[in-house]
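First comes the structure, then the notes that go with it.
These values consider heavy atoms only, across backbone and side chains, with no hydrogens, waters or symmetry-generated copies. Protein chains get the first letters and strands the later ones, always in sequence-line order, with residue 1 at the start of each. Being a predicted model, the structure only gives us computed values, none of them experimental.
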Protein chains: 2
Amino acid sequence: MATLSDVATRAGVSVSAVSRVLSEKPGVRVSVATRQRIHDAAKELNYRPNFTARALKSSRTHAVGLVVPGVTNAIFAELMRGVEEEARTKDYMVLIASTERLPEGEESIPRLMGEGRVDGVLVQFGDHLSGDDLRTVTDSGLPVISINTINPGKGGSVRVEDEAGMRLATEHLIELGHTRIGYAGGVPTSESGQRRLAGFLEAMAAAKLTVEPELVTDFGYYPKQGAQALDAMAELSTPPTAVVVANINAAHGVLSEARRLGIRVPEDMSIVAMHDTWTAEIAWPPLTCVRLPLYELGRAAMASLWEIINSGTAEDRVIADPAPELIVRESTAPPAR
Amino acid sequence: MATLSDVATRAGVSVSAVSRVLSEKPGVRVSVATRQRIHDAAKELNYRPNFTARALKSSRTHAVGLVVPGVTNAIFAELMRGVEEEARTKDYMVLIASTERLPEGEESIPRLMGEGRVDGVLVQFGDHLSGDDLRTVTDSGLPVISINTINPGKGGSVRVEDEAGMRLATEHLIELGHTRIGYAGGVPTSESGQRRLAGFLEAMAAAKLTVEPELVTDFGYYPKQGAQALDAMAELSTPPTAVVVANINAAHGVLSEARRLGIRVPEDMSIVAMHDTWTAEIAWPPLTCVRLPLYELGRAAMASLWEIINSGTAEDRVIADPAPELIVRESTAPPAR
DNA sequence: TACTCGTGAACAATCGTTTGATCATGCTAG
DNA sequence: CTAGCATGATCAAACGATTGTTCACGAGTA
């Protein structure tokens, strides 16, 4: 690896001259001739600025951390793609820190943040939003953008229109003629989970439909928990004719469980799910979903983080463009009647 | 952020004393009392070594790059989970670099590697293994482990038993009684693609079955290309009664296309796919798959990279434990007869 | 001629750690 | 009583880049 001083020697100038020329700051006084020699030398040696040195001097690493509950799900993938792409335009790199399967007493989050490895952090706590973790993150003093959760401390947040999305999903079922509608939600402590439930309740109320407590579950966002939710509803004396599932991963669980129980979808029961990932299309029946702009959420999150890094200002943003959209596939139909 | 010299001041000793004590090198001569004071001071100030400074001095960043074709697929997720977990045990961080949607002339790979950001790189080029990219990577002088491709230059590689896996899949269909078996493969330039095809051909040969060229396609590993493959086979005068699909993502495409064309799986056609991800279970019918140890592949890749970083030795490894395993679900059945 | 001023470039300190070299001290041995 | 030595700690030079300050030189002005 060629260093600045290698280039300097080859060009016959001082290190500082090289630094100034190559960093292209406005207002540097260097003659055209030297400038040229420096550029030539740099090219010949294939010079690349050493990132660690630069980071040490400037205390900017040009890297951000992305803390997510797990990497093996399509929702995360969409989000991450957005983050990655925006990061690229900002000349940033993304370090993934998954909180999945963290061994007890694991230190990776504090370490990621405390050692000056990153300029800021994007946090999406999933169902298991641990108070401790959250505090570690916000207390670190690093710029933080929290995804789908209003940041309790300082720091901005970015989220999607969960309520509107949920309303869309619920209204779709109502329009189809369903009146006995179940809700399979996430754990109640999660903020976005609360917003989704609110959206469901609003839509039901607007249609003057009653919501029986036994039809509202909150097991969680994973396939197994979706299955659990369906089990709970199936054993009721009169099960719902349609279920709104607050997360597509859980919806996949609902689907397999329905198959196991001999419940036909959509003939016996309609299913509509939150989030539209590519897995919705490969499911059977293909899932009717509400598409939330996850990719855009990722981009916005990274953009906000960049802003707060560079200007110190944190804002809470709601990503409303594109608006939540209902994608009708084959898991919903009018009630059997 | 407290620095070494902050700690030194508080403990009333020199910076070097602190450094030596905290880095716990064997054979440092420091009195118990001083040692104690240093530890106390460090704790009180919540000292954490600055990563950039350390990296600059030691030219070790304790980070590795993971270059993958794309992040939005379950195969990658498995792999990455393995890499991540192994990295954690080695006290390393993982930087993701996706080659997906790289704008023309994008420099992110050379930059990732050339600027001393990472100590080594894990590369998995997918279908689009670009010669240039590969060269950039191997020429950089950085430790490199290539995943599923024997490294053309120096540097180790790590792969799974593609042939054996493919044989397993093919034999399953043969045992079910199929004789006219199609093969939907990846692009022919990929090494693992060649190995898979070889495995298929071996199994067919061993059973003394003929392989008609028109039944062997090589469109690629993505859903759309799987669909293409099925289209090509469906328009033959006598389509195959079973198809081996060299990648589960492509198999999902095959499945939807089959539905579109009115081909029932497995009644009209059996499908067996390579790779067993969670999406196999949510598909309809659930896909019969061959499970390759992708998670273990990830771990092994990271472990190998770590070795080459620390000892300079590169080895080519084949991950054979656990062995490829056939997971029979509902996409395969005896031929219609 | 002496002075100022603008220009182009070099000097040198700094970021936080690591680490070989050095030094002060008290003790043992000759 | 002093040379020799182990011990415990400090000094100081890096690592590679950035950046405020200084310097040398020639042109322009009084």
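In terms of phosphate contacts, A:Arg20 brings no side-chain nitrogen or oxygen within less than 4.0 Å of OP1 or OP2 of D:dT18. Side-chain nitrogen and oxygen atoms of A:Thr34 include at least one within less than 4.0 Å of the OP1 or OP2 phosphate oxygen of C:dA9. Contact between the side-chain N/O atoms of B:Ser14 and the OP1/OP2 oxygens of D:dT10 is found at a separation under 4.0 Å. For the pair A:Lys25 and D:dT19, the criterion of a side-chain N or O lying under 4.0 Å from OP1 or OP2 is met. Listed pair B:Thr52 / C:dG16 fails the phosphate criterion, with no side-chain N or O lying under 4.0 Å from OP1 or OP2.
What separates CG of A:Asp6 from P of D:dA17 is a distance of 8 Å, to the nearest Å. What separates CZ of B:Phe51 from C1' of C:dC15 is a distance of 14 Å, to the nearest Å. Rounded to whole Å, atom P of D:dT18 lies 12 Å from atom CD of A:Glu24. In this structure, A:Leu56 atom CG and C:dT14 atom C1' are separated by 9 Å, rounded to whole Å. To the nearest angstrom, C1' of C:dG8 lies 12 Å from CZ of A:Arg37. Protein atom NE2 of A:His62 is 15 Å distant from nucleotide atom P of D:dA17, rounded to whole Å. The separation between A:Lys57 atom NZ and C:dG16 atom P is 9 Å, rounded to whole Å. Between the CD atom of B:Glu115 and the P atom of D:dA17 there is a distance of 10 Å, rounded to whole Å.
The minimum heavy-atom distance linking A:Val144 with A:Val123 is given by the pair CG1-CG2, 3.9 Å.
The side chain to side chain donor-acceptor pair (under 3.5 Å) check on B:Asn73 picks up nothing, with sequence neighbours excluded.
Residue B:Ser19 is classed as a base contact, given a heavy-atom separation below 4.0 Å to a base. Looking at heavy-atom distances under 4.0 Å, B:Tyr47 makes contact with sugar-phosphate atoms alone, never a base. Looking at heavy-atom distances under 4.0 Å, B:Ser16 makes contact with a base. No contact: B:Ser59 has no heavy atom under 4.0 Å from any strand. Nucleic acid contact for B:Arg54: sugar-phosphate only, since backbone atoms but no base atoms lie under 4.0 Å from a heavy atom of the residue.
Map B:Ser58 and B:Arg29 each onto its nearest nucleotide of DNA chain C; the residue landing nearer the 5' end is B:Ser58. Comparing B:Ala33 and A:Val15 by the nucleotide of DNA chain D that holds the closest heavy atom to each, the one mapping nearer the 5' end is B:Ala33.
Sorted by first and then second residue, the pairs that involve residues 8-23 of chain A and meet side chain to side chain donor-acceptor pair (under 3.5 Å), not counting sequence neighbours, are A:Arg10-A:Glu44, A:Ser14-A:Ser16.
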- Please report the C-alpha distance between A:Glu84 and A:Arg81 in whole Å, then the side-chain angles of each, then the deciding distance to 0.1 Å, and finally whether the salt bridge (Lys or Arg N to Asp or Glu O under 4.0 Å) criterion is met. CA-CA 5 Å; A:Glu84 262 254 312; A:Arg81 209 163 56 81; over 6 Å; no
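Between the side chain of A:Asp119 and the main chain of A:His62, a donor-acceptor pair closer than 3.5 Å is present. In terms of modelled atom types and a separation under 3.5 Å, the side chain of A:Asp316 and the main chain of A:Ser157 share a donor-acceptor contact. The backbone N or O of A:Glu307 sits nowhere less than 3.5 Å from a side-chain atom of A:Asn310 that would complete a donor-acceptor pair.
The end-to-end axis angle of the helix from C:dT1-D:dA30 to C:dG30-D:dC1, rounded to 10 degrees and based on five pairs per end, is 80°.
Taking the six-membered ring where tryptophan is involved, the planes of B:Phe51 and A:Phe51 are tilted, since the angle between them lies from 30° to 60°.
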